[in-house]
Amino acid sequence: MVSIHARLLAAACALATTAHAVTPIEVEGKDFVNSDTGDRFQIIGVDYQPGGSGGQTKDSDPLSDPKACLRDAALMQRLGVNTIRIYNLYPGLDHDECASIFNAAGIYMILDVNSPLYGGYIDRTSPKSSYNDVYYEQVFGIIEGFKNYPNTLAFFAGNEVINEQSVKSVPAYMRAVQRDMKDYIKKNVKRSIPVGYSAADIRPILLDTLNYFMCEDSDEPSSHSDFFGLNSYSWCGKSSYKKSGYDILTEDFRNASLPVFFSEYGCNEVQPRIFTEVEALYSKEMSQSFSGGLIYEYSQEDNDYGLVKINKNGTASLLVDYDNLMEQYGKLDMKAIEASNKTQTSYKAPKCSSNLIQNSTFLDSFKLPSRPSKVQDMIDDGLKDANTGKLVDVSSKEIPQTIYNHKGNEVKGIKLEVLKDGQSNAPGEHTSGSATSGGSSNSDEDEDQTATGAAGQTSVSLGLLTGAALLAGFLL
């Protein structure tokens, strides 16, 4: 007979490990696929960097504030996104609660490993001097911090490092960074996590950039990209498939051997944005070349691309762009989008050769810089004293912050819904909240009172976890 002591202990341990998890995504041919079902995964997402390029310090970054993450994850779940991209993260911070919140919401994360802080990026004007072990403490620190979260979809080795200001050798250094990241993952991570590059839509060198990162090199077999991101803003306002040049992009990437997606899109030259490009991007024609995309961007910053205005007291105002994007997402045929396309898995990457490069200003050599010895030690032994993350339990709950629509009316009842194991978010499935009449968009009033109320509530059930741990300790 099992004693009450044993039953209570078992219940306590079970309570401490009830975090639900999405299914990791893998690369198969030129598609992202669900590693369990094999269904094609199309990215329906937004870029997430509250505070802009200055939104990261050694004390805070976009995934270090659980109350803000709860608010934003609930609003993104309501919007219909399944993926976010985060540009700037500090590996010394605790990201468990925020990563777990987005995981619970069925939202994957694509993470840039670089940082704007000193030593945290490859200098496009002097790559050799910045390619060192200090840089890799940032890079491998991000991999360590996020490797255990099942909703970590991929890592970006760089974002628009190759442009008009970069020196010619930069592509070789970026392939070297990919090589080093992939070798670290192979040695120190229990599953494969894709690594790729995010490129600017610079027409003279775009296809050279694709070919340089896509091709396979027998001398450096782990240096090629697993996927390719494109930052493109060519569709503005009521444009069209041909007027925007989307037809040309579709043709350019039709025979790519790896997944390609828009890592940034959403031109704001015409406002409000109506996002008619969404229907085109997820159409049968474009989805043969692209695996979806990420709208730039979630929070309203000085550059005026936001979907949501985050107020100083933690409340948020949904801009008209949010509603317009939600409407466009709602039109998508998810069954068609998720259908596995077996013809997409047979594409073979070209072998690296100078013949792949057409523009004389682009590097046509595939000889990569040697890996510093200290970096090799990090790969062999793992990053010392790394802050390695893990999922924690999250509960479905209504968010504590007040939310306003673009008319200034309060939207009540918005909640984070914890999805079942293996389930990812999709448009139209979790649209909590309804607007009330009246209200006030001047949500910075009574700031102290609102902030205090929000601080008194938490999204993650740490109390349950702590109670379970204490109970286990007491019983032992």
Side-chain angles (χ1 to χ4, degrees), residues 47-64 85-93 95 109-147 152 154-185 193-200 202 205 209 212-213 223 225 227-231 263-264 294 296-297 301 303 363 368-372 374-375 378-379 383 386-387:
D47 296 307
Y48 182 57
Q49 192 66 36
S53 58
Q56 181 228 322
T57 68
K58 290 185 177 181
D59 297 317
S60 67
D61 67 24
L63 295 180
S64 64
R85 176 189 183 179
I86 304 99
Y87 293 84
N88 302 324
L89 294 161
Y90 184 65
L93 297 173
H95 301 110
M109 305 179 297
I110 301 176
L111 310 161
D112 289 65
V113 297
N114 296 280
S115 164
L117 302 180
Y118 177 78
Y121 59 93
I122 294 293
D123 186 344
R124 62 170 57 91
T125 64
S126 181
K128 183 177 181 179
S129 65
S130 51
Y131 179 71
N132 53 45
D133 57 301
V134 174
Y135 170 64
Y136 277 98
E137 289 180 5
Q138 165 70 28
V139 174
F140 294 157
I142 294 300
I143 293 175
E144 280 291 331
F146 289 86
K147 69 180 185 181
T152 295
F155 294 112
F156 272 124
N159 178 63
E160 298 190 10
V161 186
I162 304 167
N163 61 19
E164 294 87 345
Q165 289 80 43
S166 59
V167 298
K168 196 169 184 177
S169 62
V170 162
Y173 280 90
M174 293 315 304
R175 268 195 76 123
V177 172
Q178 291 187 155
R179 171 198 65 192
D180 301 337
M181 290 175 62
K182 292 171 72 173
D183 287 352
Y184 188 93
I185 291 170
I193 302 176
V195 173
Y197 178 76
S198 177
I202 303 175
I205 62 169
T209 306
Y212 193 91
F213 286 99
S223 64
S225 293
F227 62 89
F228 189 83
L230 175 64
N231 299 338
S263 40
E264 294 177 8
L294 298 148
Y296 191 84
E297 63 181 319
E301 309 296 341
N303 56 16
L363 182 68
L368 305 185
S370 299
R371 182 183 290 156
K374 289 185 179 180
V375 176
M378 292 178 186
I379 293 174
L383 184 65
N387 183 21

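Atom OH of Tyr197 and atom CG of Leu230 lie 11.0 Å apart (nearest 0.5 Å). With values rounded to the nearest 0.5 angstrom, Lys147 atom NZ is found 10.0 Å from Ile185 atom CD1. Tyr121 contributes atom OH, which lies 8.0 Å from atom OG of Ser130 (distance to the nearest 0.5 angstrom). With rounding to the nearest 0.5 Å, the separation of CE in Met174 from OG1 in Thr209 is 11.5 Å. Taken from CD in Gln49 to CD in Glu297, the straight-line distance is 8.0 Å, to the nearest 0.5 Å. To the nearest 0.5 angstrom, Ile193 atom CD1 is 13.0 Å from Lys182 atom NZ.
In this structure, a donor-acceptor pair under 3.5 Å is present between the side chains of Asp61 and His95. For the residue pair Gln165 / Thr125, no side-chain donor-acceptor distance below 3.5 Å is found, with atom types taken as modelled. Tyr136 and Asp180 are linked by a side-chain donor-acceptor pair at a separation below 3.5 angstrom, with hydrogens and angles left out of the test. In the model, Tyr135 has a side-chain atom that pairs as donor or acceptor with a side-chain atom of Asn114 under 3.5 Å.
Partner of Gln56 under the side chain to side chain contact (heavy atoms under 4.5 Å, CB included) criterion, out of Leu89, Asn88, Leu93: Asn88 alone. Under the side chain to side chain contact (heavy atoms under 4.5 Å, CB included) test applied with Pro91, the options Val139, Val113, Ile142, Ile143 reduce to a single match, Ile142.
Between Phe213 and Phe227, a ring centre-to-centre spacing not shorter than 6.0 Å is recorded.
Ring pair Tyr131/Tyr173 is perpendicular by interplanar angle, where above 60° counts as perpendicular and below 30° as parallel.
The shortest non-hydrogen separation linking Phe228 to Ala199 is CZ-CB, 3.5 Å. Val195 approaches Met181 most closely through the heavy-atom pair CG1-CE, 3.9 Å.
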